[in-house]
Amino acid sequence: MKILVCIKQVADMESRFVVSEGASWFEETDLAFRINEYDEFAIEAAVQLKASLGEAEVTVLSAGPQRASDALKKALAMGADKAVLLLDPEAPKKDSWQVANLIADWAKPQGFDLVLTGMQSQDRGSGQVSLFLGELIGANSVSCAVALEASPGSIKVERELEGGLRAQVELSTPALVSCQLGLNQPRYPTLPNIMKAKKKPFETIEVTAALDPAQEVLWMGAPEKAGAAELIEGDLASQVERVVSILKDKKLVG
Amino acid sequence: MALESTREIYWNIPSSSIPLMYLLSAVATGVMLWGFYRRIRVYQQGETWPPLSGLGARVFRGLKLALTQKKVRRQRGIGQAHNLFFWGFGVLFLGTVLVFIQADITDPLFGVRFLTGRFYQLYSVTLDVAGLVALVMIVGMFVRRFFVPSMRGGIKPADLWMYMDLGLILGTGYLIEGLRMAVTELTQNPELANYSPVGLGVARLVAPLGEASIRSWHFGIWWFHMLLVMAFLAMIPFTRLKHLLLTPLNYILFEDQPKGYLKTLDLEDESAESFGVATPKDLSFKDIFDTDACTSCSRCQDRCPAYNTDKPLSPMKLIEDMGKVCFAMENGSLIDGVGKDALFSCTTCGACMEICPAEIKHVPKIIDMRRNLALMEGEFTGEEVAKAMDAMEVNGNPLGFAPAKRADWAEGLDLVPVEEADYLYFTGCYGSFDSRNQQVAKSLVKLAAAAGVKLAILGPQEKCCGEPARKMGNEYLYQSLAMENIELFKEKKVKKIVTSCPHCFQTLNKDYRDLGLEAEVVHYTELLAKLWKDLRFQLGKTSLEVTYHDSCYLGRYNGIFDAPRDLLAAAGAKLSEMSACKEESFCCGAGGGRILAEENLGTRINNKRATMAQQTGAEAVVSSCPFCLTMMEDGTKNLTGEPVKAMDLAELLVSCLPTESTLEDK
C-alpha cells in the first residue's frame, strides 16, 4: 500500500504574532515552528498502518518554505519512509485551493492508495486543503477520522460528528482521510529512528505553478479587546473584600 | 614468686585436633573465597571495567574509610554502635591473628613467644573487654533487627543464622576462656585472672564442676566454637556479612567524578546498538558491584522523598532488584525488575547517595534506565512530560512559551549588552517565563545593580539548559540544547555566568564541561555572599523569622550551604533550621525533571516539606531555586494552621536594600 501523508509546518500557537499594516499574513521573525498538531495524528496513523499491514510505504509531503524540511525530518524520525518538500517560499500565504493544487500536481501521477492529512491547520484553520486535494486526485475522501483501519482495497473510518455522535464509513481506495484529535497519541521519536531518518530519501522539488488565488484577504490582525478577566489574588479576606467591591462597583449587589 | 603472665595456647586440646581444625578452617576459607570468586562473573556482565587508575591511593582510601568508619558513623546512634561493634570484633580478630602468629609461626620456627608478661596482661584485658562490647552490640543489633517493628520489614532470610552464629561465637569464647581459667589461672595464677574480668566471672561459675568435667566440657565447647567460626567464614559471602569485604572494595572502586556527574553519551556512535541501560550487559562492572555492595541498611530509603510519600520507589529496593536481575545471569530486563513507576518517581535529590555508607550510586543508574526508555522507546512518565519535551525542542523552554517573549520580564531593568557585562545572567526558563519566578529574576538584577555588578542576558536567544530533559533520560534533546547554548556563549565570548537556578548551575558548571564549556559559572547566592563580604552593597534589617530550604542541587550536589545562610544573617533574618537541612535536606519534589510531571502516586512531597517548614514556627520558608519556590508556593498554600510564606532569598534581600531616601540619610 502506498500511503501519502500531507503535513504543514505551522507557527507555535503561543507565539507573539505580528501582522504588518496591510499585510495578509503574519511576520515570521522570532517565531518557533512545529508540525501542525492534526498532521502529527496523520503521521502516527500512517506509521501504525504500516506496522499493521506489514507492507506499506509512507511518503510524507509538505508544501512550504525551506524551514518546513525540519517538520519533514521529524516525520521521518517518527517512521515515515521518504519525504518530499514542495519548496515554495510563498506557500504559507497561499489559499487552500492553491495549496491543494500544488500538492495534487505532484501527487496525482504517483498513484497513492491512501492519503492522510490533518483535519485542519492550526494557523489558517480553513480545513479545506484535504478535501480539495481528494477531489483533485480523484480519491474517496472523508474528514474528521478518530479511528482508522485499512485492508487491501478498502479503508474503514470512524468519524466524529457533532453532538457526540460517531459514524463508521467504509471507502474503497484510492482514499483520502483527514485526521482529528483523538485518533491516536503521536509517538516521541526514538534516537535510533532520528539517526536513521538522516539517511532516508529526501526530495526537494521547487514548485512554481502560479494558479490565481480563489480568495482575497482584505484585512488581518488581532480583534479589538472586548473585556478583560481579573485574577483575584491574596489571602482569603482580601479576596472576599475585592469581590464585594467589584460587585458593588458594578451595582450587582445593593 | 609470681608466675609468668601468659597462657598455654591450645590448652586442653590434644595435638591431634589441631591439624583437623586447620583443615576445616581451610575448607571454610575456601568456601568463603569461592563465594566471592563466583560473583566476579556476575560483575563481568558489565562490559566497562572498573576504574583502577592510581590503585595505591585507592587502596589507601578504602582502608581509611573502612577503618575510620567515616561513612557509617554519620547515622547518629546506630552509626556509633556499628563503630563499637566493628572495633570490638576487629580487636578480637587481631587477637586471634596474634595467637596464630605465635602458635604457628614464631614459636615453632624461632621459639619466640611474645604473648607474655605485661604485654599479655594488656592483650588479655583488651580482648576481654572487646568481646564484651561486641557481645552487647550483637545482642542490641539482634533486638533492634527482630523486635523493633519498623525494622522487621528489612529482615533477610539468613539474618537469624548470622546473628545467632556471631552471638554464639562470642558466648562460647567466654565459656572456653572461663573453663580454661577455672583449671589454670583461678588456682595457679589468680592475679593474672584479674586481667580477664569477664572470663574470671565465668570461671568462678564453672569451677565447682571439677577439673575432669571442666576439661571434657572445654574440649567439646572449643570444637563447637571453632565450627561456629568456620561457619562464620563460610557464610560471609552469602549473607549481609559480605559487606565486610564488598564495602571497602567499593571505596576502592570509587569513580572520581564531580558530584552528580552523569556520563555524557556519544549519541553519534553508529556502533551502539542501544542507548541507556536496559539489561545487565549495559551496566558497568562497578554498577553491578554497587548492587552487590548494598548491605540493605535502609538509610537511603529512610531519606528518600519518594519513599516517604508512599511512592513505589525505595532506593534500597531498586538496588536490590537490580542485583537480583544481575545475579540471575540471564541478561534480563532491569527496567522490568525495578518497575517504571519506581524509575519515574525519583527526583534525583541525591539524599540516598549522600548517606550511603557503601558509596552506592543510585541516581546515575536510574537516569541510565530512563535514558533507555526515552531514547529507545520514546517513553516518559506521562503525556505532560512528552509535551514538555516537545516544547523544549520547539520553543526552547518546557513551559511552551514563545521564545520571542523570553526577555519580556527584563523590560526597563538595568541590564547591559553581553560584551559590557561583568556576568552573563543565565536566567533559565522559570526566571524568564514563570510569573512568580520573574520576581526573583528582577530581584537579582536589582541586587547586582546595587552592588555595582553589570549583568547581561541573552534574552530570546537563551535556550533551556536542558536539565529536565537530561534527568528524564532525554540525552539527545539535552545535548542539542546544550550545544546551542555553548555555541552562543562562545560566539558572545562569555567568560562569567551567574545563574539563579541551581539546576542550570549544576548543568552549566558541571555537565556542560564534557561538551566544551569553559566559562566560569557561579550561583547567585555565592556571588552575592562574596559581594556582601566585600562591602559592595548595604542591607537594612528585616524582622522576618525564616527557615531555609536547601535546594538539592545547590546544597547536596554543590556544597553551597553557608552562602545563603550568611546572606540571611546579613539581612538580620532570624533563622530556625528544619531538622532535615543541609546535607540532610528533604527535596521539594521537583528535581529530576519531575517539575514537568504530574505527581499522581502517593502523597505530595511539597506538602510534606512545607509542613516541616511550618513546624519550625518560621513566618517564611526561603529557598534559592525556582523549582523549590514553585513547589513551596503550592505546598504552603495547602497548609492548615499557621501560614508560611514561600519566598526566594533574592526577594528577601531586595526588600532589605536601602531605598534612595535612606541612603541619602547616611
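Residue numbers begin at 1 in each chain, while the letters A, B, ... track the order of the sequences. Every value quoted in this text rests on a predicted model; they were computed, and no experiment measured them.
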Quiz item: Tell me, side chain or backbone of B:Pro403 under 4.5 Å from chain A's heavy atoms, or both, or neither?
Solution: side chain

Quiz prompt | Whether over 12 other heavy atoms sit under 6.0 Å from B:Lys405 NZ | solution = yes

Practice problem: Find the distance between CG (A:Leu191) and CD (B:Glu377) and round it off to the nearest 0.5 Å. | Solution: 12.0 Å

Exercise. Flag the pair B:Asn395 / A:Arg34 as yes when at least one side-chain heavy-atom distance between them is below 4.5 Å, and no otherwise.
Key: yes

Quiz item: Just checking heavy atoms, which of residues 263-273 of chain B are less than 4.5 Å from chain A?
Solution: B:Leu267, B:Glu268, B:Glu270

Self-check item: Heavy-atom pair of closest approach, residues A:Ser15 and B:Ala402
Solution: CA-CB, 3.5 Å

Practice problem: Tell me, yes or no, whether the heavy-atom count around A:Lys198 atom NZ, taken from other residues, nucleotides or ligands under 6.0 Å, exceeds 12. | Solution: yes

Quiz item: If you round to the nearest 0.5 Å, how far is CD of B:Glu379 from OG1 of A:Thr190?
Solution: 12.5 Å

Practice problem: Evaluate whether atom NZ of B:Lys387 has more than 12 neighbouring non-hydrogen atoms of other residues, nucleotides or ligands under 6.0 angstrom away. | Solution: no

Quiz item: Are side-chain heavy atoms of A:Lys74 and B:Asp390 found at a separation under 4.5 Å?
Solution: yes

Self-check item: A:Asp70 side, atom CG; B:Glu393 side, atom CD - distance, nearest 0.5 Å
Solution: 9.5 Å

Exercise. Under 4.5 Å, counting heavy-atom pairs only, tell me which of B:Pro643, B:Gly400, B:Ala391, B:Ser274 racks up the most with chain A.
Key: B:Gly400

Practice problem: Taking atom CD of A:Glu28 as the centre, report whether more than 12 heavy atoms of other residues, nucleotides or ligands fall under 6.0 Å from it. | Solution: yes

Practice problem: Would you mind checking which part of A:Ile194 comes under 4.5 Å of any heavy atom in chain B, side chain (CB onward), backbone (N, CA, C, O), both or neither? | Solution: side chain

Quiz item: Is it the side chain or the backbone of B:Leu373 that comes within 4.5 Å of chain A heavy atoms, both, or neither?
Solution: neither

Exercise. May I ask you to check whether over 12 heavy atoms, not counting those of A:Lys200, lie within 6.0 Å of atom NZ?
Key: yes

Quiz item: Quick one: are B:Leu375 and A:Tyr188 in side-chain contact, heavy atoms under 4.5 Å?
Solution: no

Quiz item: Would a 4.5 Å heavy-atom cut-off, applied to side chains only, mark A:Arg16 and B:Phe401 as touching?
Solution: no

Quiz item: Which answer fits B:Asn372, side chain, backbone, both or neither, if we ask what part of it has an atom under 4.5 Å from a heavy atom of chain A?
Solution: neither

Practice problem: Please state whether the side chain, the backbone, both or neither of A:Arg187 comes within less than 4.5 Å of a heavy atom of chain B. | Solution: neither

Quiz prompt | Under the side-chain hydrogen bond (donor to acceptor under 3.5 Å, both in side chains) test, residues paired with B:Glu491 that sit two or more places apart | solution = none

